[in-house]
Amino acid sequence: MKLPRGFYEQSTVEVAKQLLGNYLVRRHPDGDLIGRIVETEAYVGPHDLACHAARGRTKRTEVMFGPAGHAYVYFIYGFYHMLNFVTEAEDYPAAVLIRAVEPIDGVAAMKKRRRSDSLRDLASGPGKLCQAFAIDRSLNGIDLCGDTLWVAERGEAAPKIKSAKRVGVDYAGRWKDKRYRFFVRDSAFVSRG
DNA sequence: CAAGAGATCATCT
DNA sequence: GATGATCTCTTGA
């Protein structure tokens, strides 16, 4: 049911693709929140100029250098949090950004946090998703094999997926055009096309 | 609809 | 002191 650590130890691109269609589960005092993962991006290691770890091991990127299967949560633009899953071997800094989910359970609480009634607007973007799921830096470094935040394995077959360039990484030189963004082909809940 | 600006702060130079 | 793995609102057609 719960994806094991071994899942996250695979190559980052594999993890990013295979996460699609699985269920993000957040245990929260006000009720469990569940969403079907429909969009991800891979940040593949120290050479990837779009990856924060390309600038070395710092306080912020420390978690990415740790073992796979932990959450990397950071704060950006003064407003938003981003949720990532650490992948691959220890000391190899890579992660998958969770960009969008389809709300499945705990929808009322998500609407309240997002101050929106539109189902499609609750978690169709990395910042929105963190707001809807009450994810902030207090979850940075948390073990995805624990009982606060984890991914439940889908029961059905893998969805059809498409790839595209990553968003918001124009500064990343030749890495900016890599097709490291993956999303469920027919989902209405992705952040863009 | 598309494009642009503004919001606001942790992190690194 | 600059900037960013974003979102929302406003503007102008």
Side-chain angles (χ1 to χ4, degrees), chain A residues 8 11-17 19-20 24 35 37-66 68 70-88 92-103 110-142 144 149 151 161-184 188-193:
Chain A
Y8 301 99
S11 89
T12 306
V13 166
E14 264 323 288
V15 174
K17 288 182 188 169
L19 275 173
L20 297 174
L24 176 69
I37 299 171
V38 297
E39 182 178 347
T40 59
E41 275 179 5
Y43 290 85
V44 300
H47 338 283
D48 178 0
L49 293 179
C51 182
H52 289 164
R55 292 175 212 168
R57 188 167 189 151
T58 67
K59 193 172 173 186
R60 179 170 72 158
T61 61
E62 183 65 28
V63 181
M64 272 201 279
F65 286 83
H70 291 254
Y72 167 42
V73 181
Y74 65 93
F75 186 62
I76 192 150
Y77 297 126
F79 283 84
Y80 300 102
H81 296 274
M82 301 283 126
L83 171 65
N84 301 256
F85 295 161
V86 176
T87 58
E88 307 205 31
Y92 188 85
V96 171
L97 170 68
I98 309 303
R99 285 192 58 88
V101 307
E102 173 182 347
M110 294 184 201
K111 285 183 175 176
K112 196 170 170 187
R113 288 199 190 89
R114 287 277 304 134
R115 293 187 191 159
S116 168
D117 269 330
S118 161
L119 204 57
R120 268 184 27 220
D121 201 38
L122 295 182
S124 56
K128 299 180 190 177
L129 181 161
C130 286
Q131 197 178 9
F133 278 70
I135 289 166
D136 61 27
R137 278 175 310 163
S138 67
L139 296 186
N140 189 36
I142 204 170
L144 298 174
L149 185 68
V151 177
I161 69 177
K162 289 183 74 170
S163 67
K165 293 191 222 175
R166 293 177 291 186
V167 177
V169 295
D170 287 346
Y171 59 83
R174 68 190 176 86
W175 289 87
K176 75 182 169 63
D177 293 325
K178 298 273 184 189
R179 299 176 72 81
Y180 283 165
R181 172 170 164 248
F182 304 99
F183 55 96
V184 175
F189 298 90
V190 300
S191 65
R192 321 186 182 186

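Protein chains get the first letters and strands the later ones, always in sequence-line order, with residue 1 at the start of each.
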If you pin A:K59 and A:Y77 to their nearest nucleotides in DNA chain B, which one's is more 5'? A:Y77

Hey, which of A:V15, A:V151, A:T12 is the one that makes side-chain contact (heavy atoms from CB on, under 4.5 Å) with A:F85? A:V151

Flag the pair A:P126 / A:L97 as yes when at least one side-chain heavy-atom distance between them is below 4.5 Å, and no otherwise. yes

Under 4.0 Å between any heavy atoms, over every strand shown, what does A:G127 touch: base, sugar-phosphate, or nothing? Just pick one. sugar-phosphate

Does the structure show a Watson-Crick or G-U wobble partner for B:dC1, both distances under 3.5 Å? Name it, or say none. C:dG12

What does A:F75 touch in the nucleic acid at a heavy-atom separation under 4.0 angstrom: a base, only the sugar-phosphate, or nothing? sugar-phosphate

Would a 4.5 Å heavy-atom cut-off, applied to side chains only, mark A:L119 and A:F189 as touching? yes

Determine whether A:Q131 and A:R113 satisfy the following criterion, side chain to side chain donor-acceptor pair (under 3.5 Å), listing intermediate values before the conclusion. CA-CA 7 Å; A:Q131 197 178 9; A:R113 288 199 190 89; over 6 Å; no

Side-chain contact test, heavy atoms from C-beta onward, threshold under 4.5 Å: evaluate it for A:W175 versus A:H47 and give yes or no. yes

Walk me through whether A:V184 and A:I37 qualify under side-chain contact (heavy atoms from CB on, under 4.5 Å). CA-CA 8 Å; A:V184 175; A:I37 299 171; over 6 Å; no

Which part of the nucleic acid does A:R166 contact within heavy-atom distance under 4.0 Å: base, sugar-phosphate only, or nothing? nothing

Whole Å only: how far is the OH atom of A:Y80 from the C1' atom of B:dA10? 16 Å

Base, sugar-phosphate or nothing for A:R115? Non-hydrogen atoms, less than 4.0 Å. nothing

What is the 5' to 3' range of DNA chain C, first to last nucleotide, that sits under 4.0 Å from any heavy atom of chain A? C:dG4 to C:dT8

For atom CD1 of A:I76 and atom C1' of B:dG6, their distance in whole Å: 16 Å

Base, sugar-phosphate, or nothing: which does A:R55 touch, judged by heavy atoms less than 4.0 Å apart? nothing

